[in-house]
Amino acid sequence: MENGFAITSTFIVYLILMLAIGVYAYQRTKNSSDYFLGGRSLGPWPAALSAGASDMSGWLLLGLPGYAYAAGIEAFWLAGGLLAGTWLNWLVTAKRLRTYSITTDALTLPEFLSRRFNDKSKLIQTISAFFILLFFLFYTSSGLVAGGKLFETVFGLDYTTAVIIGTICVVSYTLFGGFLAVSWTDLVQGLLMSAALLIVPIAAMDGGLMKLDHDLVAINPQLLTMWNDVKGEPLSGIAIISLVAWGLGYFGQPHILARFKATRSNKDLTTARRIAVLWTGLSMVGAMLVGLVGLIYVTNTGGLQLDDGEKIFMLLVNAIFHPVVAGILLAAILAAIMSTADSQLLVSSSALAEDFYKQVFKTDATSEEIVRVGRLAVILISVIALVLAMTPDSSVLGLVSYAWAGFGAAFGPALVLSLYWSRMNRNGALAGILVGGITIVVWKQLSGGWFDVYEIVPGIIFSVLAIVVVSLTTGEPEVTVQEQHKTFKKHLIELD
């Protein structure tokens with residue numbers, strides 16, 4: 001009883017802190033630019049950690065430790081791919097996207113792509129917004145499922161009640177404070193996540209890294225090789241490519257790209273890149289150590305039973321730490337879930353308000369009206385995601401496995417080429433978005449041979465081909481688009 005009270009009290013204090021940040025951010029949110037991009041005022045620390053925290057979600061504290069627990073050092077391929085993707089995304093995309101979004105005065109990713117190619121038909125903006133809403137509905141619902149399971153496990157609540165409470169917590173500060181609330185809470189949550197991932201394995205480790213190596217060899221020598229699976233079978237080229245290819249998804253994730261556009265200066269992006277890469281690297285190492293140390297801990301402790309490897313973080317925390325400390329560390333899981341769900345809600349609401357309502361229903365809508373619609377969209381999307389989360393079957397959670405690939409293939413090639421290739425035109429952008437998204441859905445249904453490769457690989461390849469071929473065969477971009485690109489390059493030099 002005393003343990004439960006201590007953990008519950010810690011959670012309540014944490015949630016009150018997040019809501020307080022939301023209220024403070026509400027006072028600084030005056031228009032749609034404030035609500036959806038924080039008035040482009042983020043410094044390097046909130047920009048970097050908000051991008052990282054909104055990216056990783058509960059996967060960092062549950063999924064990756066669980067993978068390392070089951071597969072050992074093989075998990076390095078996945079972690080390494082994501083770390084490389086993080087670095088390249090900041091290096092290749094950040095400054096150019098921020099500069100170009102200022103040049104075109106675009107708040108959302110669909111709006112940017114539409115204005116970049118002077119798409120008067122609004123097809124690019126509408127189709128892009130549709131993809132965002134579709135994928136993020138299921139993405140968000142999976143986060144609510146994870147939050148519900150955490151509350152269910154920690155507090156012993158009924159699953160339905162737990163999901164509703166978790167939803168209310170996330171929606172509250174997102175609804176009022178918008179992007180600033182999301183980014184500032186992400187800063188706190190990102191620090192908490194990385195601290196937890198480093199503290200837990202160090203506390204559980206007995207005898208340092210040399211002892212860790214010795215104990216893993218005693219359990220299974222294959223846990224320490226990157227080239228074989230735990231059964232000693234060599235990893236196939238398809239398996240390695242599929243794991244590393246996760247890093248390719250970063251270039252098309254709307255909730256991560258929003259942080260680039262919201263940073264206050266291009267110079268801050270250089271500092272933010274270094275912070276983001278360091279945070280990601282430390283967090284990945286910590287997550288893998290949690291899985292490896294946890295395997296040894298469970299093996300050496302006969303009384304512990306673990307049916308699901310993804311619960312290894314929670315098991316170690318409850319077994320090793322005082323209830324008050326355990327409450328803080330378990331709050332890191334809630335932080336990971338909330339930091340992604342809030343970002344997804346905000347991007348989805350911006351797509352509904354800016355890219356549907358303003359473009360299709362009321363083109364003369366005021367900034368204040370867009371904010372009101374955005375807040376209503378947060379509630380609407382949350383309700384739909386909540387309904388989906390009430391039946392946490394594999395069809396809901398399974399879509400998340402290729403939602404990352406869907407965004408990466410649909411938007412990644414179109415965005416990167418739009419920032420670098422002046423010959424790209426409106427038809428090429430539209431073809432790339434459609435081909436990339438459709439390839440992901442189709443490839444996921446196929447299996448055997450090369451069809452077993454992670455669908456983001458063919459998705460990106462076919463998207464790039466579609467953009468290049470269609471752009472070269474449908475004429476040069478309009479004169480206004482070419483002039484805009486020249487203005488962009490001039491602004492890029494000035495802002496650097």
Side-chain angles (χ1 to χ4, degrees), residues 31-33 35-37 93 96-137 179 251-258 260-262 343-367 369-371 373-374 376-378 380-381 403 406-419 421 424-438 463 466-467 470-471 474 477-478 480-481 484-485 488:
N31 53 46
S32 56
S33 177
Y35 191 72
F36 294 124
L37 282 184
T93 309
R96 286 177 174 258
L97 177 58
R98 179 183 178 275
T99 303
Y100 223 139
S101 67
I102 292 174
T103 303
T104 57
D105 192 28
L107 296 181
T108 68
L109 181 60
E111 185 180 31
F112 162 73
L113 290 170
S114 180
R115 293 187 179 182
R116 164 69 176 86
F117 299 104
N118 194 27
D119 181 23
K120 296 182 178 66
S121 70
K122 302 299 181 183
L123 268 176
I124 290 178
Q125 194 164 353
T126 305
I127 291 173
S128 298
F130 172 77
F131 273 130
I132 287 174
L133 287 170
L134 175 66
F135 283 122
F136 271 154
L137 269 178
F179 191 88
F251 300 98
Q253 305 301 319
H255 54 303
I256 299 174
L257 298 172
F260 302 160
K261 293 182 288 184
S343 297
Q344 292 165 347
L345 278 175
L346 194 61
V347 171
S348 299
S349 73
S350 69
L352 195 58
E354 286 279 351
D355 303 314
F356 273 131
Y357 179 78
K358 186 176 180 180
Q359 299 303 322
V360 179
F361 298 105
K362 194 172 182 182
T363 56
D364 60 345
T366 65
S367 182
E369 186 177 352
I370 293 299
V371 172
V373 173
L376 289 173
V378 168
L380 175 63
I381 293 165
F407 284 127
F411 297 126
L415 176 67
V416 173
L417 287 174
S418 74
L419 297 175
W421 191 32
M424 182 177 173
N425 62 20
R426 174 256 187 194
N427 293 331
L430 188 58
I433 293 169
L434 286 170
V435 169
I438 293 172
S463 178
I467 293 170
V470 173
S471 292
T474 56
E478 298 177 14
T480 54
V481 174
Q484 182 191 79
H485 193 72
F488 153 68

Open item on the list: Please report the interatomic distance OG(S418) to CG(N425), rounded to the nearest 0.5 Å.
Closed with: 12.0 Å
- [ ] Report the distance from atom OG of S463 to atom CZ of F411, rounding to the nearest 0.5 Å.
- [x] 10.5 Å
TODO: Measure centre to centre between the rings of Y100 and F112, then say whether the value is under 6.0 Å.
DONE: yes
- [ ] Look up atom CD1 in I132 and atom OG1 in T108, then write down how far apart they are to the nearest 0.5 Å.
- [x] 7.0 Å
TODO: For the pair V373 and L352, evaluate side chain to side chain contact (heavy atoms under 4.5 Å, CB included) and give the outcome as yes or no after the intermediate values.
DONE: CA-CA 8 Å; V373 173; L352 195 58; 5.8 Å; no
Task: Of R116, K120, R426, the residue whose pairing with E478 passes salt bridge (Lys or Arg N to Asp or Glu O under 4.0 Å) - done: K120
Task: Student check: side-chain heavy atoms of L133 and I381 closer than 4.5 Å - done: yes
Open item on the list: Do L97 and K261 have side chains that approach each other closer than 4.5 Å (heavy atoms only, starting at C-beta)?
Closed with: yes
Task: Worked verdict on D105 versus R115 for side chain to side chain contact (heavy atoms under 4.5 Å, CB included) - done: CA-CA 9 Å; D105 192 28; R115 293 187 179 182; 3.7 Å; yes
Open item on the list: On a heavy-atom basis, which atom in R96 and which in L419 lie closest, and how many Å separate them?
Closed with: NH1-O, 2.9 Å
Task: Short side-chain to backbone donor-acceptor contact, D119 and L123, under 3.5 Å - done: yes
TODO: Would you name the heavy atoms of G428 and S471 that are closest together and state the gap between them?
DONE: CA-OG, 3.4 Å
Open item on the list: Within the 4.5 Å heavy-atom criterion, are S128 and I433 side-chain neighbours or not?
Closed with: yes
Task: Check against ring-ring contact (aromatic ring centres under 6.0 Å, His included), F407 and F131 - done: CA-CA 8 Å; F407 284 127; F131 273 130; 8.5 Å; no
Open item on the list: How long is the straight-line distance from CD of E111 back to CG of D355, given to the nearest 0.5 Å?
Closed with: 6.5 Å
TODO: Report yes if the side chains of I124 and P110 come closer than 4.5 Å at any heavy-atom pair, otherwise no.
DONE: no
Task: 4.5 Å side-chain heavy-atom contact, N427 and F117 - done: no
Open item on the list: Would you compute the distance between atom OG1 of T93 and atom CD of Q253 and round it to the nearest 0.5 angstrom?
Closed with: 11.5 Å
Open item on the list: With a 4.5 Å cut-off on side-chain heavy atoms, are L430 and V470 touching?
Closed with: no
TODO: Kindly give the heavy-atom pair with the smallest separation between L113 and A414, and that separation in Å.
DONE: CD2-O, 4.4 Å
- [ ] To the nearest 0.5 Å, tell me how far L415 CG sits from L257 CG.
- [x] 5.5 Å
Task: A262 backbone acceptor or donor facing R98 side chain under 3.5 Å - done: no
Task: V435 and I467: CA distance, side-chain angles, deciding distance, side chain to side chain contact (heavy atoms under 4.5 Å, CB included) verdict - done: CA-CA 9 Å; V435 169; I467 293 170; over 6 Å; no
Task: Heavy-atom check, side chain of W421 versus side chain of V416, under 4.5 Å - done: no
